[in-house]
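Counting starts at 1 for both ligands and their atoms, following the listed order. The basis for the numbers below is simple: all heavy atoms, side chains too, and nothing from hydrogens, waters or symmetry mates. What you see is a predicted model, and the numbers here were worked out from it, not measured in a lab.
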Amino acid sequence: MRASITVDLAAFSANLAAIRRRIAPAAHMLVVKDDAYGHGLAPLVRRAHRDGISWFGAFDVPTGLAVRELAGEHARVFVWLVAGPAEAREAVEAGLDIGVGDEELLADVAAVASPSTPARVHLKIDTGLRRNGIPADRWAAAIERAATLSERGMLRVEGVWSHIAEASDAEDDRARVRYEHALSVARGAGLRPLVRHLSASAAGFARPEFRYDLARIGAFAYGIRSAGGPTEDALGLRPIATVTAPVIEVHGDDVRVGLGGMDGLPSALGGRMSVGTPAGPRRLVRIAPDRSVVEGWHGARVGDVVRILGRGAPHSATDVAERIDTIGEEIALRIFPGLPREYR
Ligand SMILES: *Cc1c(COP(=O)(O)O)cnc(C)c1O
């Protein structure tokens, strides 16, 4: 008897609807990297597609191709990691929207595109994070190159985008000034209309001026709030994954459950969190590699179900992340991928 995850697809739909209301008239690009943050790519892409999501943020080309299969030919599928010319060809042929953050990739993409199969390109300006993106002093040259390729029918510049840290408003504001400048250079070169996208979950929710045409939102769609940010309730979102573990042994005052460090539960959480039991919340006392020790309750028996994270549990992934100075996504990605999943 081991732990498992239940993913609530109705809660996912409700989160997507809450996001749509919040960011309209901007559109939502659902970010599904890392196997949909450990929730499982296929069921979530299918559900989102049914719910009317038309943009998917896949990150890498293999994921982009998988999303293309799942969501059909009309979905817009954005990838921003293209590993060399072979993947550039696959991305162009599958009609993926390619986030281009350096001039070498622009050349790779142009080399495999043709007027009958033009590449869809979103040029990325480095707004200060220095994590991929065309540097400001190279931007005008890159735009000129892209405009020439576009006139020759080799590519269509669909968008201008960047990524911001969403850690400090002041820093994000400075990034936005650089972004606006990059946009005006692109427009000046005759590139329009352009899909503009800059924000992820946090700024997309909190700061209307960062939404532009499209907000690339992953974490909030899965109900994973930002560490140190507003609560799930305040955001109108719910975690869609619930992690449960069965009681595997009752030992005097200790109850042992089938989820441990080997399953990705950080041992530093021992003594720092509670779990939901049939008798109410109890402290999680210690985390061993293959099991965890929970403070006992009257009548505990093998097979009882203990709720570790999510619905019926005292904590969300981000709640426990905050106790060990990390983020909810990190907890999800450590624990979710290894556990059997059920969708309902
Ligand atoms: C992961 C990622 C996002 C989504 O971020 P969330 O905080 O999960 O919404 C958006 N844009 C880029 C470039 C990303 O890598």
Within the 4.0 Å heavy-atom sphere of ligand 1, strictly under, residues | Val31, Lys33, Tyr37, Trp80, Trp161, His163, Ala200, Ser201, Arg216, Ile217, Gly218, Ala219

Can you check whether His122's main-chain N or O pairs, donor with acceptor, with Glu158's side chain at less than 3.5 Å?
-> no

Would you call the rings of Trp161 and Phe78 parallel, tilted or perpendicular, where under 30° means parallel and over 60° means perpendicular?
-> perpendicular

With Arg176 as the cation and Phe210 as the aromatic partner, state whether NZ or CZ is under 6.0 Å from the six-membered ring centre and within 45° of the axis.
-> yes

Would you say Thr242's side chain and Arg311's backbone share a donor-acceptor pair under 3.5 angstrom?
-> yes

Under 4.0 Å between a Lys/Arg side-chain N and an Asp/Glu carboxylate O for Arg20 and Asp51?
-> no

N-O pairing of Lys124 and Asp102 below 4.0 Å = no

